[in-house]
Amino acid sequence: MDYQFKAIEQKWQRYWAENKTFKVEPNAALPKYYVLDMFPYPSGAGLHVGHPLGYIASDIFARYKRLKGFNVLHPMGYDSFGLPAEQYAIQTGQHPAVTTEANIATYRRQLDQIGFSFDWSKEVRTSDPNYYKWTQWIFMKLFNSWYNKETDSAESIQTLIDKLNNTGTAGIQAASDEDTRTLLPSDWAILSEEERQKELLKYRLTYLRESTVNWCPALGTVLANDEVKDGFSERGGHPVEQKKMMQWSMRIAAYADRLLQGLNTIDWPEPVKEMQRNWIGKSVGASVRFPVENGVRQIEVFTTRVDTIFGVSYLVLAPEHEWVEELTTADQKEEVERYIAQTKKKSELDRMADTKTVSGAFTGTYVINPVNGDRIQLWIADYVLAGYGTGAVMGVPSGDQRDWLFATYFGLPVTQILDSQKELEQQADPTKEGRYVNSGFINGMTYQEAVSYLNTWLEERGIGKAKVNFRMRDAIFGRQRYWGEPIPVYFREGLPYLIGEEELPLLLPEIDKYLPTESGEPPLGRAMGWNYGEKYAYELSTMPGWAGSSWYWYRYMDSENSAAFASEEAIAYWKDVDLYIGGAEHATGHLLYSRFWNKFLKDLGYVPEEEPFKKLINQGMIQGRSNFVYRVIDEEGRGTQTFVSAGLKDQYKTASLHVDVNIVENDVLHLDKFRQFRPEFETAEFILENGRYVCGVEVEKMSKSKFNVVNPDVLIDQYGADTLRMYEMFLGPLEQSKPWNTNGIEGVFKFLRKFWRLFHNEAWEFFVSDAAPSKAELKAVHKLIKKVQEDIERFSFNTSVSSFMIAVNELTELKCKSREVLQNLVVVLSPYAPHICEELWSLLGNEGLSNATYPEFNPEYLVENEFAYPISINGKMKMNLSMALDLDEKSVQEYVLANHQVQGYLEGKPVKKVIYVKGKIVNIVI
RNA sequence: GCUCAGAUGGUGGAACUGGUAGACACGCAGGACUUAAAAUCCUGUGCCCUUUAAAGGCGUGCGGGUUCGAUUCCCGCUCUGAGUACCA
């Protein structure tokens with residue numbers, strides 16, 4: 001029979017499902033390997049051709065590892081809480097659970113027909129109560145924990161209470177809010193229960209506090225910083241404003257240092273690590289307090305260059321700083337107020353575009369430099385950010401370009417502080433070389449000496465100390481939305497309390513409408529009886545999108561467990577993810593939060609590894625490739641019914657129109673299909689080139705409105721899943737972004753037909769021979785075994801597709817019918833094209849490819865006795881020599897010399913050097 | 001501005017630690033088979049000069065350098081893409 005891909009693919013997909021071929025359990029006898037994909041949000045649009053790219057790569061790897069004898073966990077699930085289903089619910093009244101269920105069914109159907117080797121018995125859905133029960137449970141653990149900096153670990157809140165009872169706050173080193181009270185055990189003892197809870201909240205790893213949030217009125221919700229782009233929401237592009245609200249937060253900043261250190265231990269793409277490093281933004285420096293002249297206030301600044309403190313010529317506060325009003329003198333009041341008003345008017349975009357203009361206002365107040373008693377001016381300026389450090393900065397014009405610009409503009413002094421600083425009239429010189437001058441007691445010191453001396457000096461006097469600052473803020477954890485995990489908390493006297501662990505899951509209640517209430521409360525405010533017992537109201541906000549995805553890889557290990565998020569045995573066996581494949585867009589969101597939760601769970605002893613994902617691969621984005629037709633425009637500028645081919649369009653006045661890529665083949669328009677594309681094109685006429693209508697091409701985002709969405713269903717129907725899988729790999733390097741282009745798919749399809757024909761005779765009957773294979777046949781297949789193995793190990797799937805094509809071409813040429821050779825070929829190809837390989841494997845008389853082992857590469861078959869290759873002399877002259885492979889350097893030299901009938905001379909000159917590459921002589925220098 | 005990644009035929013891309021650049025595939029041109037089409041197969045295909053061939057010259061964004069030898073390493077530049085945004 002000819003290659004009947006539809007029948008073959010359906011047959012084996014059913015077989016895998018019925019036999020639960022890919023179901024795995026912990027097995028101490030086998031080494032484990034965990035291959036994970038970033039699970040999808042099931043959107044209404046279904047899968048397009050870009051989605052499966054990473055899944056195909058991970059599936060190839062998972063299947064390969066199975067052939068190599070590993071016990072492979074390769075699961076799939078859905079990140080099924082999210083905004084789109086809720087938006088849809090608002091518009092249609094359809095319950096998000098219903099929409100989500102339908103979308104999941106579509107995803108599942110589409111995933112199934114690609115032939116993935118997922119263990120579906122372990123499927124998870126974040127919106128399933130049996131799943132989010134454990135998300136809520138982790139939330140409770142976080143609430144009941146604090147971060148002890150002494151042990152560098154999260155601990156039960158009880159250990160903190162014990163400390164407060166015994167020693168008070170003395171000696172407690174905790175990650176906490178800034179406004180914690182200093183308490184003696186006797187103080188703590190007399191606090192009311194309410195006061196105690198209020199104080200403990202400042203230490204808990206998930207806590208409630210008033211914070212400025214990104215509020216999006218159009219979406220009726222709070223957004224995380226990474227969901228806001230240039231003052232607009234990432235989803236939908238609605239304006240976002242700053243608003244103060246009581247918000248749940250996660251004390252991720254407590255883990256900043258460990259999150260940073262951990263990056264050195266994992267095999268991730270450097271750009272992703274770099275993004276996380278920047279996001280965490282560690283800077284080492286010192287904090288120093290500058291007392292206000294004739295006042296009580298002391299302004300604390302953070303600096304990474306405490307050594308420049310003698311060069312401070314002014315201090316700046318952010319315009320939003322809470323002391324600005326208080327510290328402005330009467331005669332400067334007007335100017336300061338004008339400046340603040342002006343700053344407020346500037347949108348964030350303006351402020352960004354405007355980084356070169358210097359602006360600011362003098363408050364009229366002076367502060368004292370604590371190291372030398374100098375009297376320096378206090379200014380406000382919008383280049384200082386309220387949200388970073390202390391919102392106050394010391395200005396050192398000689399060492400910092402921005403400070404230099406500020407000082408020169410406003411006529412403030414520029415003091416040289418290092419003898420090596422040059423050209424201070426032109427610009428700042430941030431050097432650390434040389435010795436200090438004009439710097440009081442550090443004069444003559446080097447940078448290293450000055451920093452440590454100053455840190456000690458400041459600390460002894462209680463003026464300042466060495467300090468590490470992080471850019472990373474605690475993560476906001478609440479959303480004013482419906483379709484998310486309810487927060488398992490109720491309120492008593494305005495303070496949050498956890499519900500009982502045995503009361504989990506706290507189910508999402510039914511509501512009539514999915515909008516905020518009239519009084520501006522979140523949608524859960526509409527739920528009838530949303531109370532804990534009689535008296536207490538539940539929390540109304542729900543968890544953010546990243547909650548459910550921050551621990552899901554553990555649930556896959558044991559997805560049906562109702563007593564724990566996964567059993568201890570399962571976690572001890574599967575441990576962590578060996579290979580994680582997904583998009584780079586999650587670099588500072590999901591991948592950071594997941595690492596945070598993982599570290600927390602490790603601190604509490606629930607999981608064994610500090611880092612959850614050992615190796616990460618980012619698959620590139622698949623962009624759209626749009627096709628255009630060119631409509632001729634008449635003199636009045638109206639479109640005619642004439643369309644001109646792309647190569648001739650410059651001879652006419654034309655307007656370009658998107659045309660559906662599905663009616664274009666190799667950029668040639670299918671004319672009849674175009675006439676049916678839309679009623680208005682029914683009578684279309686064409687100006688052709690070489691008898692064809694060629695369409696224009698542009699790379700854009702894949703979207704319906706651009707008619708460039710390619711649906712995998714269509715391709716699978718036309719060519720089959722095996723062709724789609726191989727073609728997606730053939731398209732280019734996995735990590736590279738590239739436009740989707742169906743143009744080359746025929747080549748892969750042809751290859752699979754050729755491959756099929758290898759196992760058949762002229763009459764399409766299955767036929768292989770048991771005769772011993774020839775040397776050439778063995779060479780072809782062993783070359784392939786080696787190459788594909790190397791390719792897979794370095795995630796270069798595109799090059800191995802080429803190797804398959806070469807091998808099949810060679811074996812076709814050799815008319816290879818050897819069972820041994822063909823059997824090896826099937827196994828090696830099977831991770832890429834599993835359906836056709838299963839079919840041939842069974843035709844070869846074997847059962848179940850999943851029981852096969854990857855063939856052992858035998859280097860003997862690649863050895864040749866004689867071969868020819870070019871040799872250059874001084875990189876120029878070339879000749880072909882045929883010689884034995886295993887000659888050593890000396891014998892080669894002798895051989896070369898002998899054949900040129902010179903002793904130690906070549907071309908009449910003495911031989912200086914013979915250059916070898918991989919045992920081959922490639923060049924002779926004379 | 002800063003950080004990172006990249007630039008190779010008409011196209012996607014290969015060349016893994018410097019060693020015959022352009023594998024493999026698409027497209028295109030020509031041919032075989034066929035009433036025809038599909039399918040399949042064969043040949044050619046980096047550019048230039050040349051009727052053709054032989055032979056030659058030029059070729060991995062641009063300009064230099066190291067080397068017997070550079071797509072690969074170094075310096076400077078141009079362009080493209082991604083991330084980031086006054087972080088003190």
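So that the names make sense, note that chain A is the first sequence line, chain B the second, and so on, each numbered from 1.
For the OP1/OP2 pair of B/A88 and a distance below 4.0 Å, the side-chain nitrogens and oxygens of A/Tyr388 include at least one atom meeting the criterion. In this structure, A/Lys750 reaches the B/C26 phosphate: one of its side-chain N or O atoms is under 4.0 Å from OP1 or OP2.
B/G61 and B/A54 are spaced 29 Å apart, taking the P atom of each and rounding to whole Å. Using C1' as the reference atom, B/C47 and B/G83 are 38 Å apart when rounded to the nearest Å. Taking atom C1' on both nucleotides, B/A5 is separated from B/A25 by 26 Å, rounded to a whole Å. Taking atom C1' on both nucleotides, B/A82 is separated from B/U11 by 24 Å, rounded to a whole Å. Nucleotides B/U3 and B/G56 have their P atoms positioned 47 Å apart, rounded to a whole Å. If you take atom P in B/G19 and the same atom in B/G69, they sit 15 Å apart, rounded to whole Å. Separation of the P atoms belonging to B/G13 and B/C2 is 29 Å when rounded to the nearest angstrom. Taking the P atom of each, B/G81 and B/C86 are spaced 23 Å apart, rounded to whole Å.
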Every protein N/O within reach of nucleotides 5-13 of chain B N/O, cut-off under 3.5 Å:
residue : atom : partner  : partner atom : Å
B/G12   : O2'  : A/Leu731 : O            : 2.8
B/G13   : OP1  : A/Gln736 : NE2          : 2.8

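Note: CD (A/Gln718) to P (B/A38) measures 15 Å, nearest angstrom. Regarding A/Phe749, its CZ atom lies at a distance of 13 Å from the C1' atom of B/U40, rounded to whole Å. Per the geometry, CD belonging to A/Glu762 stands 19 Å off P belonging to B/A39, to the nearest Å. Rounded to an integer number of Å, the gap from A/Arg402 CZ to B/C87 P is 5 Å. Rounded to whole Å, the distance from CD on A/Glu300 to P on B/A88 is 16 Å. Straight-line distance from the CZ atom of A/Phe797 to the P atom of B/A14: 14 Å, rounded to whole Å. Rounded to whole Å, atom P of B/C24 lies 19 Å from atom CZ of A/Phe755. The CG-P distance, from A/Asp382 to B/C86, rounds to 10 Å in whole Å.
Although no hydrogens or angles enter the test, the distance criterion places a donor-acceptor pair under 3.5 Å between the side chain of A/Asn618 and the main chain of A/Gly582. The backbone N or O of A/Thr415 sits less than 3.5 Å from a side-chain atom of A/Ser398, completing a donor-acceptor pair. Although no hydrogens or angles enter the test, the distance criterion places a donor-acceptor pair under 3.5 Å between the side chain of A/Asn627 and the main chain of A/Gly696.
The aromatic rings of A/Phe406 and A/Trp379 sit perpendicular to each other, their planes meeting at more than 60°, with 30° as the lower class boundary. The aromatic rings of A/Phe795 and A/Phe61 sit parallel, their planes meeting at an angle under 30°, below the 60° perpendicular limit. In this structure, A/Tyr832 and A/Phe797 have perpendicular ring planes: the angle between them is above 60°, well past the 30° mark. A tilted orientation is assigned to the rings of A/Phe857 and A/His782, their planes being inclined by 30° to 60°.
The side chain of A/Ile806 lies closest to B/A23, out of B/A25, B/A23, B/A88. Here the nucleotide nearest the side chain of A/Glu274, chosen from B/U3, B/C86, B/C16, is B/U3. Minimum atom distance to the side chain of A/Val384 is reached by B/A88, of the listed B/A39, B/A14, B/A88. Listed nucleotides B/U40, B/C16, B/C87 differ in distance to A/Lys787; the shortest reach to its side chain belongs to B/C16. With B/U40, B/A88, B/A15 as the choices, the nucleotide that has an atom nearest any side-chain atom of A/Arg757 turns out to be B/U40. Out of B/U40, B/G83, B/C86, the shortest distance to the side chain of A/Arg753 is found at B/U40. Relative to the side chain of A/Met805, the nucleotides B/C87, B/A25, B/C26 differ in distance, and B/A25 lies closest. Out of B/A25, B/C86, B/A85, the shortest distance to the side chain of A/Asn809 is found at B/A25.
Residue contacts shown for A/Asp400 are absent, as no nucleic acid heavy atom lies under 4.0 Å away.
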Query raised in the report: So what does the secondary structure string of RNA chain B come out as, 5' to 3', with Watson-Crick or wobble pairs under 3.5 angstrom, [ ] for crossing and | for pairs with another strand?
Result: (((((((..(((......[....)))((((((.......))))))(((.......)))..(((((..]....))))))))))))....
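Counting only N and O atoms by type, the side chains of A/Thr742 and A/Tyr719 include no donor and acceptor under 3.5 Å apart. Between the side chains of A/Lys273 and A/Asn264, no donor N or O sits under 3.5 Å from an acceptor N or O.
Annotation: side-chain hydrogen bond (donor to acceptor under 3.5 Å, both in side chains) contacts of A/Glu274 (sequence neighbours excluded): A/Arg277.
Mapping A/Thr304 and A/Asp791 onto RNA chain B by nearest heavy atom places A/Asp791 at the nucleotide closer to the 5' end. Along RNA chain B, the nucleotide nearest A/Arg471 and the nucleotide nearest A/Glu813 are compared for position; the residue whose nucleotide lies closer to the 5' end is A/Glu813.
Classified by its glycosidic torsion, B/G9 falls in the syn category, the angle being within 90° of 0.
By the 4.5 Å heavy-atom criterion applied to side chains, A/Phe470 and A/Asp257 are counted as neighbours.
Look at A/Lys750 and A/Glu746 and you find no salt bridge, because none of the NZ, NE, NH1 or NH2 atoms lies under 4.0 Å from a carboxylate O.
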